[in-house]
2 protein chains.
Amino acid sequence: MTKQLTFKNLPHKTIERLSQYRRALLLCLSNGKTHIFSHEIAKIQHITSVQVRRDLMLIGYSGTLRKGYNIEELINLIGNIIDSEEGINVAIVGMGNLGRALINYFTGKRHKLEIVAGFDTNPDKIGNRFSGVECYSITELNKIIKQKDIKVGIITVPADQTTETAKTLVKAGIKGILNYTPKPIDVPDDVYLEEYDMITTLEKVAFYVKMSDE
Amino acid sequence: MTKQLTFKNLPHKTIERLSQYRRALLLCLSNGKTHIFSHEIAKIQHITSVQVRRDLMLIGYSGTLRKGYNIEELINLIGNIIDSEEGINVAIVGMGNLGRALINYFTGKRHKLEIVAGFDTNPDKIGNRFSGVECYSITELNKIIKQKDIKVGIITVPADQTTETAKTLVKAGIKGILNYTPKPIDVPDDVYLEEYDMITTLEKVAFYVKMSDE
DNA sequence: TTTGCACTGTTATAAATTTAACAACCATAA
DNA sequence: TTATGGTTGTTAAATTTATAACAGTGCAAA
Ligand SMILES: NC(=O)c1ccc[n+]([C@@H]2O[C@H](COP(=O)([O-])OP(=O)(O)OC[C@H]3O[C@@H](n4cnc5c(N)ncnc54)[C@H](O)[C@@H]3O)[C@@H](O)[C@H]2O)c1
Ligand SMILES: NC(=O)c1ccc[n+]([C@@H]2O[C@H](COP(=O)([O-])OP(=O)(O)OC[C@H]3O[C@@H](n4cnc5c(N)ncnc54)[C@H](O)[C@@H]3O)[C@@H](O)[C@H]2O)c1
């Protein structure tokens with residue numbers, strides 16, 4: 001009897017790396033490569049080959065000795081683990097500079113994850129399409145979220161609109177939020193939240209640059 | 001004799017949180033608040049109050065019992081630690097959708113960290129200003145980096161230009177890079193690197209949303 | 001004045017994550 | 001045929017990070 005792999009308790013960091021591995025593997029595949037060694041993946045991701053092998057062990061994937069890992073197989077396996085079979089629909093609230101940049105970047109990149117609606121308050125934006133994504137009025141949010149079975153929301157509204165936007169999304173039944181505004185939000189326990197602020201990252205870079213000077 | 005605090009070996013995570021604390025504290029200060037408790041900071045950042053107190057202990061800050069921490073003092077102390085005294089100049093390469101969104105967001109937000117130049121290859125962009133930041137030709141990169149003493153570079157060029165852009169920045173003597181393209185780069189050991197891809201974050205959110213369903 | 005309460009600061013412990021160590025494997029070359 | 005080298009898979013150890021436990025403190029209410 002083989003060990004049951006549930007993937008439920010994969011380390012959070014491993015989940016992140018699986019996404020990164022897939023991104024790298026897709027690129028390799030498009031370059032005509034069919035197999036790859038753990039140390040090659042490691043080099044791309046700036047980590048050690050042990051870590052790569054350990055992650056792959058955790059998801060139960062075995063490579064071929066001396067040939068490495070089959071890129072296509074591995075991409076598919078990672079997909080089986082991190083993607084949702086039926087796909088997950090995403091909405092983005094705030095079709096400003098950042099929102100449009102994200103839509104333009106993301107759209108069409110992943111099969112099982114799709115931005116299917118944008119929302120804004122600005123009448124000039126409502127009714128238009130941006131990189132193929134239709135922009136609706138914020139007043140229709142609740143309706144559209146349910147209609148299109150949207151599970152994840154990305155927040156890119158002005159900072160002072162963040163709290164209200166988060167509330168609206170939660171009330172509409174969203175299950176995951178990615179908040180790009182610099183205003184942290186509160187969500188119920190059953191909503192998964194990630195927040196990102198570029199300033200923190202930039203300050204971190206600046207800190208270690210300063211340190212290396214001293 | 002008091003313990004010498006060097007800040008050189010603060011945990012990486014603490015550095016990130018200090019930046020986040022400051023962001024939150026600045027907001028509180030602008031709302032007229034003068035003091036704050038560890039559990040209040042913790043709530044904002046979705047962490048525990050122990051962690052906040054531990055971080056502040058590491059930087060040697062003491063609050064007033066039953067009154068909490070003096071917000072202004074703490075902001076200044078965090079600044080003394082993570083900011084560079086003389087300030088650090090930043091350049092952004094690729095003045096497209098994302099690059100302009102980042103500039104517009106960041107400019108004027110921090111005293112000791114300033115985006116002082118943008119670079120692009122598109123003649124329509126070169127010579128213009130975006131949110132006050134002048135866009136130069138990529139051919140002038142080396143000269144301007146040295147002239148303006150730029151230490152950190154942000155990369156927001158198309159993915160297939162990433163490697164070349166990174167090389168150019170490194171050759172110009174940059175000490176830190178923040179790469180927003182989905183193409184990982186290699187840098188020498190003395191250059192500090194951070195990479196961020198929104199797809200990884202979004203896939204992580206989607207994964208945990210899927211998991212909560214099962 | 002005294003007691004309890006709500007904080008802080010710090011040390012001890014636990015959990016998460018990374019790295020090291022090494023056996024097993026097998027293609028290739030001697 | 002036999003050693004060699006380079007790779008995987010896995011367990012063990014180390015490191016990093018977060019949490020728990022608790023003593024110390026001083027305000028406020030009794
Ligand atoms: N995390 C990061 O790295 C990062 C980078 C840049 C910007 N930001 C933040 O992202 C947010 C957006 O930045 P931007 O440059 O795109 O700003 P922007 O002003 O260009 O866009 C904001 C958009 O939100 C719309 N909007 C306003 N109120 C709304 C509401 N209540 N509901 C729905 N839509 C609403 C506006 O009409 C506009 O289209 C800001 O909060 C900014 O601070 C974050
Ligand atoms: N990390 C993220 O979350 C995220 C989000 C969105 C986009 N992106 C990535 O960021 C990058 C930029 O995205 P965008 O939407 O702004 O694209 P864009 O096409 O709008 O902008 C790219 C800019 O780079 C300029 N450019 C091209 N080649 C150059 C070179 N060699 N040197 C200097 N400038 C050059 C172009 O003229 C253009 O102005 C892309 O790689 C994209 O994949 C990342």
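Numbers restart at 1 for each chain; the letters A, B, ... are given by sequence-line order, proteins then strands.
- The separation between His35(A) atom NE2 and dT8(D) atom P is 12 Å, rounded to whole Å.
- Between the side chain of Arg54(A) and the base of dT10(D), no donor-acceptor pair of N or O atoms lies under 3.5 Å.
- Glu73(B) and Tyr61(B) are linked by a side-chain donor-acceptor pair at a separation below 3.5 angstrom, with hydrogens and angles left out of the test.
- Here the P atom of nucleotide dA24(C) and the CG atom of Leu65(A) are 14 Å apart, to the nearest Å.
- Atom C1' of nucleotide dA18(D) and atom CD1 of Ile15(B) are separated by 17 Å, given to the nearest angstrom.
- Here Glu203(A) does not pair with Lys210(A) in a salt bridge; the nearest charged N to carboxylate O distance is not below 4.0 Å.
- Contact annotation for Thr14(B): no contact, since no heavy-atom pair falls under 4.0 Å across all strands.
- Nucleotides of DNA chain C nearest to Gly68(B) and His12(A) differ in position, and the one nearer the 5' end is that of Gly68(B).
- Checked against dT17(C), dT8(D), dG9(D), the side chain of Lys13(A) finds its nearest nucleotide in dT17(C).
- A donor-acceptor pair is defined here as one N or O able to donate and one able to accept, closer than 3.5 Å; such a pair exists between the side chain of Arg23(B) and the backbone of Pro182(A).
- No engagement by Ser49(A) is indicated, since no non-hydrogen atom pair under 4.0 Å with the nucleic acid exists.
- Along DNA chain D, the nucleotide nearest Arg53(B) and the nucleotide nearest Ser38(A) are compared for position; the residue whose nucleotide lies closer to the 5' end is Ser38(A).
- Two residues, Leu10(A) and Ser62(B), neighbour DNA chain C, and the one matched to the more 5' nucleotide by heavy-atom proximity is Ser62(B).
- Checking dC26(C), dT17(C), dT19(C) against the side-chain heavy atoms of Val50(A) singles out dT19(C) as nearest.
- Closest approach to the Met57(B) side chain among dT17(C), dT10(C), dT8(D) is made by dT10(C) (side chain taken as heavy atoms from C-beta onward).
- Whole-Å rounding puts the His39(A) NE2 to dT8(D) P distance at 7 Å.
- In this structure, His46(B) places its NE2 atom 17 Å from C1' of dA18(D), rounding to the nearest Å.
- Residue Gln51(B) has its side chain nearest to dT19(D) when only dT19(D), dA21(C), dG26(D) are considered.
- If you measure from atom CG of Leu58(A) to atom P of dT18(C), you get 11 Å, rounded to the nearest angstrom.
- Of the side-chain N and O atoms in Tyr69(A), one or more sit less than 4.0 angstrom from OP1 or OP2 of dG9(D).
- In this structure, Tyr196(B) and Tyr196(A) have parallel ring planes: the angle between them is below the 30° cut-off, well short of the 60° mark.
- A salt bridge between Lys43(B) and Asp186(A) is present, with a side-chain N of the basic residue lying under 4.0 Å from a carboxylate O of the acidic one.
- Atoms CD1 (Ile47(A)) and C1' (dT16(D)) sit 17 Å apart, rounded to a whole Å.
- When rounded to the nearest whole Å, the span between CD of Gln45(A) and P of dT17(C) equals 17 Å.
- Arg66(A) has no side-chain polar atom (N or O) that falls below the 4.0 Å cut-off from OP1 or OP2 of dA24(C).
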